[in-house]
Participant: 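Have a look at this one.
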Amino acid sequence: MKGNDRVLIAGAGPVGCVAALHLSQNGIPVTLLEACAELPEDLRASTFHPPTLDMLDELGVVERLISEGIICPVWQYRDVQDGVIAEWDLGVLGNDTRHPYRVQCEQYKLTRIIVEELARAGSVDVRFQNRVVAAAQDDDGVSVEVEAPGGRETLHGRYLVAADGASSVIRIGQGIGFDGLTFPELWLCASTAYPFDDHFENLAPIAYVAGVDFWFVFVRVPGLWRLLMPSRPGESAEMLVTDESVQQRMQQICPKDGDYDTYHRTAYAVHQRVADTYRKGRIFLAGDSAHINNPLGGMGMNGGIHDAVNLCEKLDGVWHGRTDESELDRYDAQRRPIAIEYVQLATLRNKALLEETDADTRRTKHDELRRTAADPVAARNYLLQSSMIGVLARARELG
Ligand SMILES: Cc1cc2nc3c(=O)[nH]c(=O)nc-3n(C[C@H](O)[C@H](O)[C@H](O)COP(=O)(O)OP(=O)(O)OC[C@H]3O[C@@H](n4cnc5c(N)ncnc54)[C@H](O)[C@@H]3O)c2cc1C
């Protein structure tokens with residue numbers, strides 16, 4: 001296969017952008033292919049965990065991200081009736097990370113910052129309206145077929161990073177399975193500028209709130225509160241985003257005179273899936289193309305960025321002749337078990353905790369959380385895991 005002088009990346013989401021920046025900063029030529037005409041303004045991820053901030057710092061983009069977001073050292077688990085059950089202060093991780101806090105910032109701001117940085121450095125061939133429709137490989141390299149404004153085109157490279165999201169055509173085309181489940185309910189995400197912090201005592205910028213027969217999540221982003229709530233049986237996506245549905249839910253959460261002004265509302269299906277392999281020869285899956293999970297805990301994008309950094313460190317070694325090709329197998333060996341053994345289980349546990357309806361079980365679980373939060377050693381361990389620092393250390397032990 002000719003023209004194998006570069007790495008091709010499909011998808012300019014957070015994962016593809018981080019991979020492009022990392023590789024280009026290490027002197028590796030990159031072509032970044034994005035299906036859309038411009039960077040999608042995705043209202044999805046907003047939580048950046050401490051180790052992700054450390055990685056973005058290494059790449060020189062964290063200061064700007066922080067300046068466009070909100071620093072949140074504290075987050076909470078709350079009960080509708082009882083108020084705060086457990087408050088977690090990331091400040092205790094001061095010796096474990098340079099960023100002992102979460103940053104709340106919309107994921108599209110990261111992709112914009114990175115693409116601007118790539119343009120400034122002139123280091124990456126970024127192509128919008130280039131939708132990858134097929135990929136092939138042989139011993140020498142990879143080729144991708146793209147649909148571009150001028151028609152179909154074939155591009156060549158030495159490796160291909162499939163960061164083309166949950167419906168990855170590359171994963172599907174390579175016949176890589178994506179086992180798991182899709183939840184029967186849909187989730188509604190709606191945002192409003194209403195000052196919930198004036199109405200809930202001591203409300204942290206991220207708060208998971210459990211009620212007896214409903215639950216929701218408060219997430220602060222600059223200028224807005226986002227609310228995340230599940231659908232009820234039988235509600236379709238169309239029903240979920242109607243004024244009636246959104247207003248009724250918000251009034252249930254915080255009754256007030258008059259309707260809420262909302263800035264956006266989206267209904268989406270939620271899945272828990274992991275790809276059968278993250279590597280097939282010269283093709284690597286990273287981010288949502290490799291794993292998806294519910295957003296409770298904020299681990300999808302963060303885990304995807306951790307994939308990108310892990311993979312790019314290995315590609316850097318191989319590209320510059322410091323390590324041989326077998327090093328690339330360690331990407332799958334280190335990252336896939338983390339998705340299965342940690343992220344899937346943690347996000348399912350977070351969901352089960354919010355959904356618990358049995359009064360005794362709820363009380364037991366809440367007492368356990370209170371005890372953990374009150375014990376400095378247990379609280380630090382809890383935060384090391386929930387902020388994903390622990391699993392990065394675990395990944396280094398694998399493979
Ligand atoms: C409501 C909600 C809240 C969330 N909150 C969080 C959170 O707080 N923290 C967190 O860590 N995660 C969160 N997530 C998950 C997070 O949004 C995803 O994990 C993250 O977007 C994955 O990034 P990615 O780059 O792998 O894929 P994507 O963001 O899906 O990006 C894929 C890119 O590839 C492009 N593309 C697709 N197909 C092709 C093709 N064939 N050719 C070329 N380009 C293509 C797309 O246009 C897109 O730009 C949340 C998700 C939801 C739905």
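Counting starts at 1 for both ligands and their atoms, following the listed order. FYI, side chains are in, hydrogens and waters are out, and symmetry mates aren't considered; it's all heavy atoms of this structure.
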Participant: Do Arg322 and Asp316 meet the salt-bridge criterion of a basic N to acidic O distance under 4.0 Å?
Facilitator: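 Yes, charged N to carboxylate O under 4.0 Å.
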
Participant: Determine, stepwise, if the pair Trp225 / Phe218 fulfils ring-ring contact (aromatic ring centres under 6.0 Å, His included).
Facilitator: CA-CA 7 Å; Trp225 280 100; Phe218 277 126; 5.4 Å; yes

Participant: Please work out whether any backbone atom (N, CA, C, O) or any side-chain heavy atom from C-beta onward of Asn130 is under 4.0 Å from ligand 1, and answer side chain, backbone, both or neither.
Facilitator: backbone

Participant: How does Ser289 reach ligand 1, by side chain, by backbone, by both or by neither, if only non-hydrogen atoms under 4.0 Å count?
Facilitator: neither

Participant: Considering only the protein, which heavy-atom contact is closest to atom 19 (O) of ligand 1, and what is its distance?
Facilitator: Asp288 OD1, 2.7 Å

Participant: Is there at least one pair of N or O atoms, one from Pro40 and one from ligand 1, spaced under 3.5 Å apart?
Facilitator: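 No, since none of the N or O atoms of Pro40 sits under 3.5 Å from an N or O of ligand 1.
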
Participant: Just checking, Lys314 and Phe284: is the charged tip under 6.0 Å from the six-membered ring centre and within 45° of the axis?
Facilitator: no

Participant: Judged by non-hydrogen atoms, does Val219 sit under 4.0 Å from ligand 1?
Facilitator: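 No, Val219 has no heavy atoms under 4.0 Å from ligand 1.
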
Participant: Looking at non-hydrogen atoms alone, which of Gly287, Pro14, Gly298 comes nearest to atom 23 (O) of ligand 1?
Facilitator: Pro14

Participant: Number the atoms of ligand 1 from 1 as they appear, then name those within less than 4.0 Å of a heavy atom of Ala163, with their elements.
Facilitator: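 By the 4.0 Å cutoff, the relevant atoms are 32 (C), 33 (C), 34 (O).
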
Participant: Between Trp88 and Tyr382, what is the ring plane arrangement, given parallel below 30°, perpendicular above 60°, and tilted in between?
Facilitator: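 Taking Tyr382 first and then Trp88, their aromatic rings lie parallel (interplane angle under 30°).
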
Participant: Quick one: nearest non-hydrogen protein atom to atom 10 (C) of ligand 1, plus distance?
Facilitator: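 Ranking protein heavy atoms by distance from atom 10 (C) of ligand 1, first comes Met301 N, 3.3 Å.
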
Participant: Pick one of side chain, backbone, both or neither for how Leu33 approaches ligand 1, counting any non-hydrogen atom pair under 4.0 Å.
Facilitator: backbone

Participant: Report the part of Ala45 (side chain from C-beta onward, or backbone N, CA, C, O) that has a heavy atom under 4.0 Å from ligand 1; answer both or neither where that applies.
Facilitator: both

Participant: Between Arg171 and Phe178, is NZ or CZ placed under 6.0 angstrom from the six-membered ring centre and within 45° of the ring axis?
Facilitator: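 Arg171 over Phe178 ring: yes.
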
Participant: Between His49 and ligand 1, which part of the residue brings a heavy atom under 4.0 Å of the ligand: side chain, backbone, both or neither?
Facilitator: neither

Participant: Tell me the contacting part of Trp187 for ligand 1: side chain, backbone, both, or neither, using a 4.0 Å heavy-atom threshold, strictly below.
Facilitator: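 The answer is neither.
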
Participant: Check this for me, if you would: do Glu356 and Arg363 make a salt bridge, where the nitrogen-to-carboxylate-oxygen distance has to be below 4.0 angstrom?
Facilitator: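 Salt bridge flag = no for Arg363 with Glu356.
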
Participant: Students often mix this up, so state it plainly: with edges at 30° and 60°, are the rings of Tyr101 and His99 parallel, tilted or perpendicular?
Facilitator: perpendicular

Participant: Any heavy atom of Gly304 closer to ligand 1 than 4.0 angstrom?
Facilitator: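 Not so, Gly304 does not reach ligand 1.
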
Participant: Which ligand 1 atoms are under 4.0 Å away from a heavy-atom of Val169?
Facilitator: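 Close to Val169: 41 (N).
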
